[in-house]
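Some notes on the structure that comes next.
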Amino acid sequence: MGKNSLFFSLRWKLAILFGSVFMVLQAVFAVVSYLNAQNNFGNDRKNIQKSHINIAETLTKDSFSVLEQFAELISVVNNPSSNDSKELNRGVSSMDENWSLWQLIWDIENIVLFDKQGARTKSWGNQLIDSDATVRRVLKNELPEHQIFCPDNCFQQVIIPVMGKADISGGISVIRPFSDVIIKYNATTRSDMGILIADNKAEISQGSRWKYKLSGMTQPEKNQPVFEFISKHHSINAFFNASKRIEFNSAVYEVRALPIQQAEVSNTPPYFLFIDDITADLKHLSSDLKRVWLYGFIGLLASLLLIFLVLHIALRRISRPSRALPLLSKNHFSQFRKQIIVKSSANLGYDELDKLSFTALNLTAQLEHFKQEMRGHTFNIPEKSQELAKERDFIRQLVELAPVIIIIQKLNGIILTINHAGVDSLETESSTIIGKVFDIFLPESDQEHLSKLNRLRTGEYGDQMQLDGLILTEAGKLRDISWLHKLIPSKEHGDEMVILTLGMDISERKIAEARNIRMAYYDYLTGLGNRRKFYEEFAPKLASAERYGYQLALFYLDLDRFKEINDTSGHDAGDNFLKMIANALKEAIRSTDLLCRVGGDEFALLMPHADMAGVEHIAKKINTVLKTQTFSSNGKTYTASASIGVAVFPLHGATVNELMANADLAMYQAKELGRGQHHLFNPEYDYRSKPNRTLAHHFR
């Protein structure tokens, strides 16, 4: 410790340490509280939304049920099946008398009576919809039907069959506005809801992205601007599966759309449009979170002050020994003893600081004794040191300058020494290597090296071994090393056997070999295997399929628009197009499949364990994926696709050449079907009779 070193009290270090721990805990608590509050708020909102949806659906069902009961009451008053003209006229007259009252009380818009053939016999109110087809279906099925239709405003219609004495005698249709459901929903939930209906006159130029309009809405002066905002900035599909939060005019709304009736085609109008203003709820949540954080911060400050006070009181007794210890470095033993205070009474017991004082006094006595002994040996040290230094320097220079890795390790693998070349190879400092086990610098994949080295350590492998392996650097890199391990006795360790390890870095040679292999088997442009690799792997895969009795599918792909892109936009554009196609195909296939580029715009794919359903699925999937890829060059945009021919072993051939030829024929047939098509080879089809049909020159 230098004279100018900054002194920093232990009490401050502990205070900072505990304070940092408390701050981290407080931060974690704050984050967890925030996430928990947000999660609870989100769950509460989901439950509320679910409840609102259930209420809206229940109100709709109840409204239809009430309307159906009303229609059944009418059917009792006027039965179209009566053959008594007086009774029939009396029923119609009763309907005429009560029509105005029903309009007022039940808000009825239209009532229509039908005979058993579905023809209208009497109508009250405005005719809003042609219900003849629905009436005939009701009379045929003898079951009532409900529907909602929205010309400009939404209406509920109930059509019920009227039973005569023996069979169906006719039907009754009752229509009233749907607005009563919206009003009841608002009164029940205190939330806003409207009805979205189709708007065939909607113009995109007006800024709206929706072809729908509001037929009714609670609080229209507040919610109409919200509807106009979301219809311009969001797609309606974003509001179907779940509610979406919208920020508008310094307020936050939750908006959800839901079909009113379950139709055969999902998401068909009309829709419920739920709009909930949750601004106040979010402000309340934010206020609660701020209050929690404030209380936590105040508690943290109080804890820190308490910790500092406790540490200040507890560590005062350490200050005296800390001031006395520097005297030992100056050999002032007597002054040190005067500074150390030892309890004369142990009424309250001894603690760790008392033990420290006793230990310090014992240490002082031992140091004083050692100092006197050292003076007696001082005169012999220089001569022996010079001899050892010369020998050490010679050996160190010899080892350090060697251009190979030199390591001496014990039989248990602990590294005793390592030279400069070894340190450079491991990319770290020698101090971090010495004392570690040599095995940790071997990667897990190099089990053969580790196994042979263990046999050498136990004497089962003789006294020497040589092999090529790997070494794992401190930075996680792998280097190829040619190793030589030899058992030798060590005089420094009492003739104990150690292992001399020599290593020569052959990484550059391995890289060159790997580069040559890759150039021979892989396409430089796409990174896929080339034609040579495809042929070499095809035969073993075919033999495996024959041995284990499973099908092997061969897909032969020819890009549809590559020549057009290459001719009009240049070879660079064509190369970029091929790279894009290769990347897309990699994503479309399984990890067990083999994909190679076998020609300019030709690719081949092998799919083991293929069934016909899987072949059809993969062929469609490839073109589905390719059609999502668009390529732009020189102001032109191209959509990718491929003509795919498929041949399956053993159905369409037993050899590589047969499968290649048949897949090629199938590909040409796919080309005749148009772009982006596939064709499975058919042995009964006469491919060669087609004009201009030849086998692909790549697979002859």
Side-chain angles (χ1 to χ4, degrees), residues 2 385-520 522 524 527:
S385 297
Q386 290 178 0
E387 295 177 359
L388 293 174
K390 290 180 181 180
E391 183 178 355
R392 181 194 59 209
D393 292 343
F394 174 75
I395 297 175
R396 179 178 297 175
Q397 185 178 12
L398 180 64
V399 173
E400 288 296 326
L401 296 179
V404 297
I405 300 173
I406 300 177
I407 297 175
I408 296 178
Q409 55 175 300
K410 291 184 177 182
L411 293 181
N412 58 9
I414 295 178
I415 297 175
L416 300 175
T417 63
I418 184 170
N419 70 337
H420 184 72
V423 173
D424 288 344
S425 297
L426 291 175
E427 298 180 348
T428 183
E429 300 293 333
S430 61
S431 59
T432 63
I433 301 174
I434 296 175
K436 291 184 177 180
V437 179
F438 175 78
D439 301 1
I440 67 173
F441 298 104
L442 300 179
E444 295 182 359
S445 59
D446 202 356
Q447 291 297 319
E448 180 185 1
H449 185 180
L450 184 59
S451 176
K452 291 182 178 180
L453 182 57
N454 287 331
R455 292 172 61 191
L456 177 68
R457 290 167 176 166
T458 59
E460 298 178 9
Y461 205 85
D463 64 348
Q464 179 178 311
M465 75 169 196
Q466 186 174 358
L467 78 166
D468 289 343
L470 299 170
I471 193 170
L472 182 64
T473 69
E474 190 75 10
K477 299 179 181 178
L478 292 175
R479 294 179 181 272
D480 292 285
I481 305 294
S482 179
W483 294 105
L484 172 65
H485 299 288
K486 183 172 180 60
L487 286 172
I488 60 173
S490 173
K491 294 182 180 180
E492 296 181 359
H493 299 84
D495 290 335
E496 179 185 353
M497 297 299 292
V498 296
I499 298 177
L500 173 64
T501 298
L502 304 178
M504 178 68 71
D505 193 335
I506 57 173
S507 299
E508 294 183 0
R509 188 185 76 187
K510 290 288 186 178
I511 292 174
E513 292 175 355
R515 185 184 301 113
N516 292 335
I517 293 175
R518 183 166 185 83
M519 291 175 62
Y522 289 87
Y524 75 96

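All residue numbers in this chain count up from 1 along the given sequence.
The CG atom of Leu416 sits 6.0 Å away from the NZ atom of Lys410 when rounded to the nearest 0.5 Å. Note that OG of Ser425 and CG of Leu472 are 12.5 Å apart. Values are rounded to the nearest 0.5 Å. How far CD of Glu427 is from CD1 of Ile471: 10.0 Å, rounded to the nearest 0.5 Å. Rounded to the nearest 0.5 angstrom, Asp463 CG and Met497 CE are separated by 7.5 Å. Rounded to the nearest 0.5 Å, atoms CD (Gln466) and CH2 (Trp483) are 12.5 Å apart. A distance of 7.5 Å separates CG of Leu478 from OG1 of Thr473, quoted to the nearest 0.5 Å.
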| field | Step-by-step side chain to side chain contact (heavy atoms under 4.5 Å, CB included) determination, His449 to Leu467 | value | CA-CA 8 Å; His449 185 180; Leu467 78 166; 3.8 Å; yes

| said: salt bridge (Lys or Arg N to Asp or Glu O under 4.0 Å) for Arg457 and Asp439? Distances and angles first, verdict last. | reply: CA-CA 12 Å; Arg457 290 167 176 166; Asp439 301 1; 2.8 Å; yes

| message | Walk me through whether Ile434 and Thr417 qualify under side chain to side chain contact (heavy atoms under 4.5 Å, CB included). | response | CA-CA 6 Å; Ile434 296 175; Thr417 63; 5.5 Å; no

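For the pair Asp505/Ile481, a side-chain contact is recorded, criterion being any heavy-atom separation below 4.5 Å from C-beta on. Contact annotation: the side chain of Met465 approaches that of Leu453 to within less than 4.5 Å [non-hydrogen atoms, C-beta and beyond].
One side chain, Thr501 or Gln409, offers a donor N or O that lies under 3.5 Å from an acceptor on the other.
Heavy atoms of other residues, nucleotides or ligands lying less than 6.0 angstrom from CD of Glu460 number more than 12.
Classification of the Phe438-His485 ring pair by plane angle, with boundaries at 30° and 60°, yields perpendicular.
Looking only at distances, no side-chain donor or acceptor of Asp446 sits under 3.5 Å from a matching main-chain atom of Leu442. When atom types are taken as modelled, the side chain of Thr432 and the backbone of Thr428 share no donor-acceptor pair closer than 3.5 angstrom. Distance alone, capped at 3.5 Å, places no donor-acceptor pair between the Ser451 side chain and the Gln447 backbone. Between the side chain of Asn419 and the backbone N or O of Ile406 there is at least one donor-acceptor pair closer than 3.5 Å.
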